[in-house]
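I have placed the structure first, in the form of C-alpha cells, so that the comments after it can refer back to it.
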Amino acid sequence: MKIIIYYSPIIPFKDCELVMSQDLIEEAMLEMSEILEGYTGLSREIIYKKISEPPRKEFGDLSTPLKGANAPDKIIGKKYIKEINKVGIYYNAVINVDNLFSSLFSQLDDRYGFPEKKTGRRTVVEHTSANPIHPLHIGALRNAVIGDALARFLSYMGDEVTTRFYVNDSGRQVGVLAYGLEKLHWPSPLPSIKADYFYGLVYASTSTIVDIVKLSKTPNDKGKIDELVAIAKELSERFPEFWKLKEEIEKDADPEAEINRILKEYEEGNNEYKERIRKFVNEILNGFNETLSNLGVSFNFYDYESELLWSGKVKKIIDEILSSPHVIYHKDAKAISFEKLPEDVKDILKIPRGLKIPPLVVTRKDGTSLYTIRDIAYTLEKFKNSDLVINVIAEEQTIPQIQLRAALYLLGFTRIAENLYHYSYAMVNLEGTKMSGRRGRYVTIDELFNAVESVVKQKILEKNGDISTSASLARSAIRYAILSASATKPLSFSVNRVTDLNENSGPYLQYTYVRANSIMSKFTGELNLELADTKDIVNTKRDILISIAKFPYILKITYESLQLENLTIYIKNLADLFNSWYSRERILQEEDERKKTSRLYLVKGVKTVLGNSFNALGIDKVEKM
RNA sequence: GGACCCGUAGCUCAGCCAGGAUAGAGCGCUGGCCUUCUAAGCCAGUGGUCGGGGGUUCAAAUCCCCCCGGGUCCGCCA
C-alpha cells in the first residue's frame, strides 16, 4: 500500500483541528525528510511530499525519489529511521524496528489510533432519506451504509456528529400514495405483510393506474400502454384490490388534478390529510427501521419535511427568494437565476465552471412548494448547530444539490453554502435487475439481507458455529461489500458475491479478529515490554508492526478525504498479513518467553486496530465464529 | 446538444486526485496444507494492449488534449 502524504482536505477546516496522537509513521517520515534535507538542500516539505512505500521489500520501508540530489550512499538515522540507502534516484529508508516497537507498544491502549482531542467540528450526516412510499430497496442500501459508517467514523475521530433522516412526506409521490389510499377508503395494512410493503403496492398501483388513465386519453403510444397493462397485471397478482382501485380512479375526470388538490390541502394544513398522511408515513418509517436495524443503522433525528411547511419556514425562504435580485421568469414561472454566480464562487462551491446551472423554479403554478426550495429551508435548520453538513445523496441529484448550494450562496448564506457537502455515490446494480419504484419492481433490502443471512446460517451449521452470530455476519458481509468500493464508482452487486464469505469479506475480517481475540483471551499473564524480543520482529511480523504503526496515519487521510475505502482496504491488508503469519508461527505455544512476549504484543496490536476499525465502520466484533 | 461520473486480469474491485523501481487483491481455474493458539484460513501456480490515440516529463494506470464505450442529469418529480 502506498503511503500518501500532504493531503489537502476535501472540506477546509475553519476553527476545527484534527490532532493525531501516536502517528509514528508520520514521525518516521518527518525524520527521514529532515535527515535528507540536510544533505540534499531540498526543502523537507518537498522530500516529505514524495515519500512513499517502495514496491519491494529489498528497497526498505519508506522511499523517496530525489533526482539530482547528492546525498551519501548510506546515512545513519536517528530514532525511527535506522538508515537510508541510495539506490539510483531513490533514497530508501529502513525503519528502526526496536524503537518503533517500544514506542508503539508502550502506549498502545484501547483508543489507539483515534485522536485524544475532539476536533471541535460539529457535523451533520443526513443520509438514507428515502421517500416513505415503498419499502427500502437496494438503491437506498449504499446510501444507508455509507452514511452510517461516515457518521460512526467521524464521531470516533472527534467530530460531534448528528445523524438525520429527512422524511420526504410532502412531495408529489406522497400525494400519489395518499390519493390511492383515499380511493380505497384509507385501509389499514394487512397484518400478514410489513406496512411498507403494503403501502408500496398501493403506491405502485396508483401510480401505474394514473399513468394508464393519462395515456389512454392521448392514445398515440400503443407500445407504452401495452407495457403498462402488463405491469398492471403483474401488480394485480400481488395486490388484490388493484382492480377496485382502478375502477375508483377511473371515475375521476382528472386524477392528476385530484393528486394536486390533496397536495395543496395537505400543504395548507388540512387536518384530515395531516393526520392520515402522518399515520401511514410513520407506519412506513417503522418498516424502514426494522430493515435498517438489520444493517446496524439508526438515526438521531427524523425530520419531517411537512413541518417545515406548516411552521412557515418554507414560506419565509420563498419570500426571501422573491425579494432577491436573482429572480427571473423561466417558462412563465418565477425562478432563481444563477447567471450572476461568479466563476470563482463556483470553484469554492465545487460547481463545474462549464456547467450552466438551470434556473430553479420557486413554486408550482398552484402555489405548492418544490423539493429543492424546501431543501433550502431544511439546510438552514441543519446548520443551526453545526459547522459541516454532509448530504449522502445519489449522483442523480447532483444538479439539485448544486442549485441548493448556489441558491444559498446568492441568498447570502455563504458560510452554509461553503460547508454543505454533497457526498455523491453511484448506482448499485443487482445482477442486471432493472428497478422501478413507481412500478413496484424492486429488490428490497430485507430480501437481500434474508438471502445473505440464510447462506450465513447454513455455513454456521456446517461449521458447528454459534448461530446467534448470523445477523452480525450477514450485516458485515453487506457493509463490507459496499464500504470497500469507492462511492463514485458504479457497484455491481450479486447475492452470490456478497454471500461468498472468503478472504475479501466482512466475515473474513471478523474471523481474523476472532483469531487474535481468542489468543489474547487465552493468555492469562501480564505483558511486559522489557521482556519483548524485538530481534524476533522480522519478515511478516515486521510488516505487521509497521502496518499497525500506520493506523493513525490511515485514519487521518480517511478523515480528510472522507473515503472510507482507505480504511477498509487497509484493515483487509492487515488481516492478510496476520493470517499469513498465524499459519506459520506459534504464539502462545512459543517456548521462548521473550519471543512469545513480542508476538503477543503484535497480536494485541492487530486486535486493537481491527477492533477500533470495526467500531468506526460499523462491523460487529464477534467472539466466536 | 451540454454537464458530471465511470472504463485496470474471464468476473468483482484496490491503486489515479498528491507521477517514480518487475501494476495488486478476491472470485474462477490447477495443485498442495487440518495430531499444533478457530481451515470462513494458509502456500504455490494461472491470468493484464491499465478503453484507444496523441502530448507533458528523466519517468505516465496516475497529469493535459482528442476520441470510443457504459452510466447519470439537464422536470412547475424527488
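In the text below, chain A, chain B and the rest are named by the order of the sequence lines, each starting its count at 1.
With rounding to the nearest 0.5 angstrom, the CD atom of A:E585 is 3.5 Å from the NZ atom of A:K541.
Checking B:A39, B:C76, B:G71 against the side-chain heavy atoms of A:M427 singles out B:G71 as nearest. Counting only heavy atoms from C-beta on, A:P490 has its side chain closest to B:C6 among B:C74, B:C6, B:C11. Distances from the side chain of A:N579 to the nucleotides B:C37, B:C13, B:C42 place B:C42 closest. Distance from the side chain of A:P352 is smallest for B:C4 among the nucleotides B:C76, B:C42, B:C4.
For the pair A:S580 and B:C42, the criterion of a side-chain N or O lying under 4.0 Å from OP1 or OP2 is not met. Taking side-chain N and O atoms only, A:T398 has no distance below 4.0 Å to OP1 or OP2 of B:C4. Proximity of A:K522 to the phosphate of B:U38: a side-chain N or O atom is located under 4.0 Å from OP1 or OP2. Side-chain N/O atoms of A:R172 include none lying less than 4.0 angstrom from OP1 or OP2 on B:C76. Using a 4.0 Å cut-off, no side-chain N or O of A:R584 falls inside it from OP1 or OP2 of B:C33.
In terms of position along RNA chain B, the nucleotide closest to A:P65 lies nearer the 5' end than the nucleotide closest to the other residue of the pair A:P65 and A:G465. If you find the closest nucleotide of RNA chain B to A:I519 and to A:V361, the one lying nearer the 5' end belongs to A:I519.
The ring of A:Y508 does not lie on top of the base of B:G41; it is either too far (5.5 Å or more) or too tilted (30° or more).
To the nearest angstrom, P of B:C16 lies 13 Å from CD of A:E53. One atom, CE of A:M435, and another, P of B:U72, lie 12 Å apart when rounded to the nearest Å. Atom C1' of nucleotide B:C37 and atom CE of A:M520 are separated by 12 Å, given to the nearest angstrom. The CG-C1' distance, from A:D332 to B:G75, rounds to 15 Å in whole Å. Per the geometry, CD1 belonging to A:I569 stands 5 Å off C1' belonging to B:A14, to the nearest Å. B:C5 atom C1' lies 13 Å from atom CG of A:N429, rounded to whole Å.
B:A25 and B:U12 make up a base pair, with Watson-Crick or G-U wobble contacts both under 3.5 Å. Partner assigned to B:G47 is none, using Watson-Crick or G-U wobble distances below 3.5 angstrom. Shown here, B:C42 forms a base pair with B:G32; the pair counts as Watson-Crick or G-U wobble because both key distances fall under 3.5 Å. Base pairing annotation: B:G1 forms a Watson-Crick or G-U wobble pair with B:C74, both donor-acceptor distances under 3.5 Å. The partner of B:C58 is B:G20, by the rule that a Watson-Crick or G-U pair needs both atom distances under 3.5 Å.
Nucleotides B:C43 and B:C66 are separated by 46 Å at their P atoms, to the nearest Å. When the P atom is compared between B:A23 and B:C67, the two are found 31 Å apart, to the nearest whole Å. Taking the P atoms as reference points, B:G45 lies 31 Å from B:C17, given to the whole Å. Separation of the C1' atoms belonging to B:A21 and B:G31 is 32 Å when rounded to the nearest angstrom. Taking the C1' atoms as reference points, B:C65 lies 32 Å from B:U12, given to the whole Å.
Not a single donor-acceptor contact under 3.5 angstrom links the side-chain atoms of A:T372 to the base of B:A78. A donor and an acceptor atom never sit less than 3.5 Å apart when one is taken from the side chain of A:D375 and the other from the base of B:A78.
Comment: A:K382 does not engage A:D303 in a salt bridge, judged by the lack of any side-chain N to carboxylate O separation of less than 4.0 angstrom. Look at A:R594 and A:D536 and you find no salt bridge, because none of the NZ, NE, NH1 or NH2 atoms lies under 4.0 Å from a carboxylate O.
Surrounding CD of A:E58 are more than 12 heavy atoms belonging to other residues, nucleotides or ligands, all under 6.0 Å away.
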*Kindly indicate, with the supporting measurements, whether the criterion side chain to side chain donor-acceptor pair (under 3.5 Å) is fulfilled by A:Y48 and A:E26.*
CA-CA 10 Å; A:Y48 180 97; A:E26 165 110 6; 2.9 Å; yes

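Using modelled atom types, one finds no donor on one side chain facing an acceptor on the other under 3.5 Å when comparing A:Y559 with A:N566.
Glycosidic torsion of B:C50 falls outside 90° of 0, placing the base in anti.
A:R515 forms no cation-pi arrangement with A:F578, by the criterion of a distance under 6.0 Å to the ring centre and an angle within 45° of the ring axis.
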